[in-house]
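The structure appears below as C-alpha cells.
Both backbone and side-chain heavy atoms feed into the values below; hydrogens, waters and symmetry mates do not. Order of the sequence lines fixes the chain letters, A, B, ..., with proteins taken first and strands second; residue numbering starts at 1 for each chain.
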There are 2 protein chains.
Amino acid sequence: MVSSKDVAKLAGVSQSTVSRVLNNPESVGEAKHEKVIKAMKELNYRPNAIARSLVKKQTKSIALISGPIHNPFFAETTTYIVNYSKQRGYNTNVHFEVFGDNTSVFNDVIEMQVDGIILSSILMDDYIYDDLKNLNIPFVMFNRKHNEPGNFFEMDNLLAGQQATEHLLDLNHKDIVWIGGPLNMSTFYGRYEGFRKTMEEQGLPVSDHNTKITDTSENEIHNVVRDLLAERNRPTAIFAATDSIAIYVLDYLLEKGYNVPEDISVIGIDNTKLSQHHSIELTTVGMDQGINLGQVAIEQLINDIESKNQHLTQKTYPTKLYNRSTTRAI
Amino acid sequence: MVSSKDVAKLAGVSQSTVSRVLNNPESVGEAKHEKVIKAMKELNYRPNAIARSLVKKQTKSIALISGPIHNPFFAETTTYIVNYSKQRGYNTNVHFEVFGDNTSVFNDVIEMQVDGIILSSILMDDYIYDDLKNLNIPFVMFNRKHNEPGNFFEMDNLLAGQQATEHLLDLNHKDIVWIGGPLNMSTFYGRYEGFRKTMEEQGLPVSDHNTKITDTSENEIHNVVRDLLAERNRPTAIFAATDSIAIYVLDYLLEKGYNVPEDISVIGIDNTKLSQHHSIELTTVGMDQGINLGQVAIEQLINDIESKNQHLTQKTYPTKLYNRSTTRAI
DNA sequence: TGTGGTTTTGAATACGTATTCAAATTAGTC
DNA sequence: GACTAATTTGAATACGTATTCAAAACCACA
C-alpha cells in the first residue's frame, strides 16, 4: 500500500502538499506540483478512500435497500439508482430485503456510515423507521412508504387498485381473486384497499376466500394458483398486485394448459418493461411511461445529501390502465 | 456521532476497554463489561466501520462489476452474490459495466479498498487486467474471462455455440444469422467461434452478411432485426448469442406480426429463468440446472479472501441444448 | 534595500477504531 | 502474609488522509 507519505518522500515535499495536489491543485506551486504528479505516477499511487472518509466524515456512498430484482420493477430501479449515483460520484451499497425482518440489513447499513439511504423495503409500521430518523442522515423511500411522514415517491396505489378492479368489473367479472403480499407493505395495502372498496361498491363480497396473501415468491404463487384452480368454482379473473406476481401466475396457468385470457383473465400492476413484451402483453396498471420511481427518488436523495435541505418531498403519481391481452370480457 | 470515547467516559473506563468489549468480550472483567454494555445502549452507540477498516486494513466489502441486470442472467447472479456476501459478513458494492470503457468504474473500485472483486465485465484483452493484478487483492471473473490466466468460472462457450448451431442445422436451416456482442468479450468470442466452425464444417459461409455485432441494447437489436427482415432473402433462423438478445429479437418479431417458430426460428444461450417462462419457451443452450456462475464465483472469492490461498481456480462447465418452442424444422 | 502583502509550504493535529506494551490488579499457593 | 503467576486494564500508538495554523518564501513597489 503506497500512501501519500511515500509520495511525499519521493517528491521531496510534505504529505500536506501531496494532499493539496489532490484536493486543491491551484494552491500549490508549479514546481512541486509537477514533482508530486510524477511521484504519484511512479509509485502508482491511489488515494485511500477509507482514510479520506474518516476525516471528511462522508463516505461518498449510499445504501440501497431494494426489493428482489427478479421483479423487473426493482431491476429497473436498481439499474437507474446505481448508475445515477456513480455519475454523481457516489458508490452504491446494494442490499436486498430479507422478507419479514430487515434488522440485520439495517445494522449493516448504519455501521457503514453511508451518506444517505434509499429504500423500497420498509413496512408501514416498521419500527426501524425511528432508528432511521435518529441517524440524522438523509433517506428516501420509493415504492413503499411508512406511516410516519418522510420523503417518499410512490404510485397512487389506491387508485391503481381501483382502476384494475374497475377494468375487470367492466368486463363483467365477478369472481375475482386478489393475490398480493403482506398488507403492512404500503403498496399491497393501497392496491388491496382499492380492490376491496371497488368490489364492495358493487356489492361484491371480499373475504379470505378471494384475497390471497403470499410472500410473493414464485413457489408460493404457484401454490396459491394451484389451490385456486382446484376449487369447484374457479375465479374468472386474477388480480395480481404486481406484474411480477402476474407473470408467475401466467407461467403456471400456461404450464397447466390454460389459455389466457380465454379461460381466465389476469391483470397486474406496475407496467414493467417485461409486461410490455409481445410474448406476454400483460394488461396492467402503471404510471405514465417515463417515470421511474428509482430515478426521482435517487435524484432527491443526492440533492438532499448535498444541500442538507430538510423539507419533506412526498410524491404520489397517478396511474392509468394499460389494456393489453391478458384480460377479456365474459 | 457517538464514539467509543464517549462510551468510555460514560462507563468510566478507557477507550481500549470499550473496543475490547466489542472484539474480545471474554478478556474484560464482569463489572466493567456490564458498565460498557449499559453505556452503549444508553448512548445508542454504533461502531464506525470506516474507522475500523482503516486500522484493520480490511473493509469487509467486495465490489461486484456486473453486466446489466435487465439481462436476467445478471439479475440472477447479482442476487446470489449480494445475498451470499452478506451472509458471510461482506457488503457488496455494485457497479454496472460501462459499455466500451470501464476505466472509471475500476478507479472507483480501487480507491474503495474493497477486500475482493468479482466481475463479469472484462474484455479478453482488457488492459485493466494488469491494474487488477497489481492491486494484490483477490479477484475472480465469472461469465467472461481475460486472455491472461486468472480465477474464472464460465460455461463452455465454444461448445454452446456449436450445440446451438448444430441444432439449427439439424432442423435444416442454412440461412442463419448470428447476433451478438463484441468479439473481445470471451462469451461472444466462444459462442461465435462455435457458430463459425460448425457452419464452415458444413460448407456454409460465415461473413459480415450473417454475423451482426451489436452493443446488445434493445434498440440496436431491434435495428438489426429490422434490417434483416428487410432483406430479400430473409434468414430462416436467428442465433442470438444470449437469451437476453433472443428475447429482444422475439419481441420485435412478434410486434411486427411474425410467428415464431413458424416464420423464423430463434435460439438463445444461457437458459435463464425467463427463457423457461411458458409465455416464451425459448429454445436455448445452457449449463446443467442448478449451477449459478455467480454462486460458484462468489464462494471462491470469499474463500480466497479469508484463506489467502493463491492457486488459480478455473472452471469451464459443459452445456447442453434445452429444446423448447422457438425453433422448428423447415 | 526595505516594507507590506500575498502565496506557498510544512508541522501538527484530528477522524474513530484496534492493538501493543507495560502497569496494575487479582488469584493461587505455601 | 508473601510471593509468583495469571488476568484485567489503560496509555500510547498506528492506520492514511484533510485541514488548521504559523512560518517561510516570494512578490511588488517605493
Side-chain angles (χ1 to χ4, degrees), chain A residues 1-37 39-40 43-61 89 107-108 110-115 135-137, chain B residues 1-37 39-40 43-61 89 107-108 110-115 135-137:
Chain A
M1 256 279 47
V2 25
S3 75
S4 57
K5 265 186 197 161
D6 301 321
V7 174
K9 198 185 298 176
L10 180 62
V13 302
S14 74
Q15 180 266 329
S16 328
T17 299
V18 175
S19 175
R20 274 189 276 257
V21 173
L22 251 39
N23 303 289
N24 232 5
E26 66 279 8
S27 80
V28 31
E30 184 71 20
K32 307 224 169 190
H33 183 276
E34 259 180 46
K35 277 187 184 178
V36 170
I37 294 287
M40 282 178 171
L43 298 175
N44 192 25
Y45 168 71
R46 309 276 194 164
N48 182 324
I50 296 294
R52 181 191 303 133
S53 295
L54 185 59
V55 38
K56 295 195 70 164
K57 288 164 172 288
Q58 53 155 315
T59 54
K60 282 287 180 181
S61 62
N107 281 336
D108 284 358
I110 290 170
E111 297 196 358
M112 285 302 284
Q113 314 288 127
V114 293
D115 294 342
L135 281 182
N136 262 340
I137 65 174
Chain B
M1 257 277 48
V2 25
S3 73
S4 56
K5 268 185 196 161
D6 302 321
V7 175
K9 197 184 299 175
L10 181 61
V13 302
S14 73
Q15 179 266 328
S16 327
T17 299
V18 176
S19 175
R20 274 188 278 256
V21 173
L22 252 39
N23 303 288
N24 232 7
E26 67 279 7
S27 79
V28 30
E30 185 72 20
K32 307 224 168 192
H33 184 276
E34 258 181 47
K35 277 188 182 176
V36 170
I37 295 286
M40 283 180 172
L43 297 175
N44 192 25
Y45 167 72
R46 309 277 193 163
N48 182 324
I50 296 293
R52 180 192 301 134
S53 296
L54 185 60
V55 40
K56 295 197 70 163
K57 288 165 173 285
Q58 51 153 317
T59 53
K60 281 289 183 179
S61 63
N107 281 337
D108 284 359
I110 291 170
E111 298 196 357
M112 285 303 283
Q113 315 290 123
V114 293
D115 294 342
L135 281 183
N136 262 341
I137 65 175

Quiz prompt | From dA18(D), dA18(C), dT20(D), nucleotide with atom closest to Asn23(A) side chain | solution = dA18(D)

Practice problem: With the side chain of Ser14(B) defined as its heavy atoms from C-beta on, choose the nearest nucleotide among dA18(D), dA11(D), dA18(C). | Solution: dA11(D)

Between [N] ([atom2]) and [X] ([atom1]): distance, integer Å:
| X | N | atom1 | atom2 | answer |
| --- | --- | --- | --- | --- |
| Lys32(A) | dA24(D) | NZ | P | 14 Å |
| Glu26(B) | dA6(D) | CD | P | 18 Å |
| Asp6(A) | dT17(D) | CG | C1' | 13 Å |
| Gln113(A) | dT17(C) | CD | P | 8 Å |
| Asn24(B) | dT17(C) | CG | P | 17 Å |
| Lys9(B) | dT9(D) | NZ | P | 20 Å |
| Glu30(A) | dT7(C) | CD | C1' | 14 Å |
| Gln58(B) | dT17(C) | CD | P | 16 Å |

N/O contacts under 3.5 Å, protein versus nucleotides 14-16 of chain D?
residue, atom, partner, partner atom, Å
dG16(D), OP1, Lys57(B), NZ, 2.9

Quiz item: Side chains of Ile137(A) and Val114(A): does their closest heavy-atom pair fall under 4.5 Å?
Solution: yes

So which heavy atom on [X] is nearest to which on [Y], and how close?
| X | Y | answer |
| --- | --- | --- |
| Leu22(B) | Met40(B) | CD1-CE, 3.0 Å |
| Arg46(A) | Asn107(B) | NH1-OD1, 2.8 Å |
| Arg52(A) | Pro47(A) | NH2-CB, 3.4 Å |
| Leu54(A) | Ile50(B) | N-CG2, 3.8 Å |

Self-check item: N or O in side chain of Thr17(B) less than 4.0 angstrom from dG10(D) OP1/OP2
Solution: yes

Quiz item: What about Gln15(A): does its side chain form a donor-acceptor pair under 3.5 Å with the base of dA18(D)?
Solution: yes

Quiz item: Side-chain donor or acceptor of Ser16(B) under 3.5 Å from a matching atom on the base of dA18(C)?
Solution: no

Quiz item: Axis-to-axis angle across the helix from dT1(C)-dA30(D) to dC30(C)-dG1(D), five pairs an end, to 10 degrees?
Solution: 40°

Quiz item: If you count the non-hydrogen atoms of other residues, nucleotides and ligands that lie under 6.0 Å from NZ in Lys35(B), is the total more than 12?
Solution: no

Quiz item: Contact class for Val13(A) vs. all strands (heavy atom < 4.0 Å): base, sugar-phosphate, or nothing?
Solution: sugar-phosphate

Quiz prompt | Point-to-point distance, once rounded to the nearest 0.5 Å, from CE of Met112(A) to OG of Ser61(A) | solution = 6.5 Å

Quiz prompt | Heavy-atom donor-acceptor pair, Asn24(B) side chain to Ser27(B) backbone, under 3.5 Å | solution = no

Quiz item: Side chain of Ser4(A), backbone of Ser19(A): donor and acceptor closer than 3.5 Å?
Solution: no

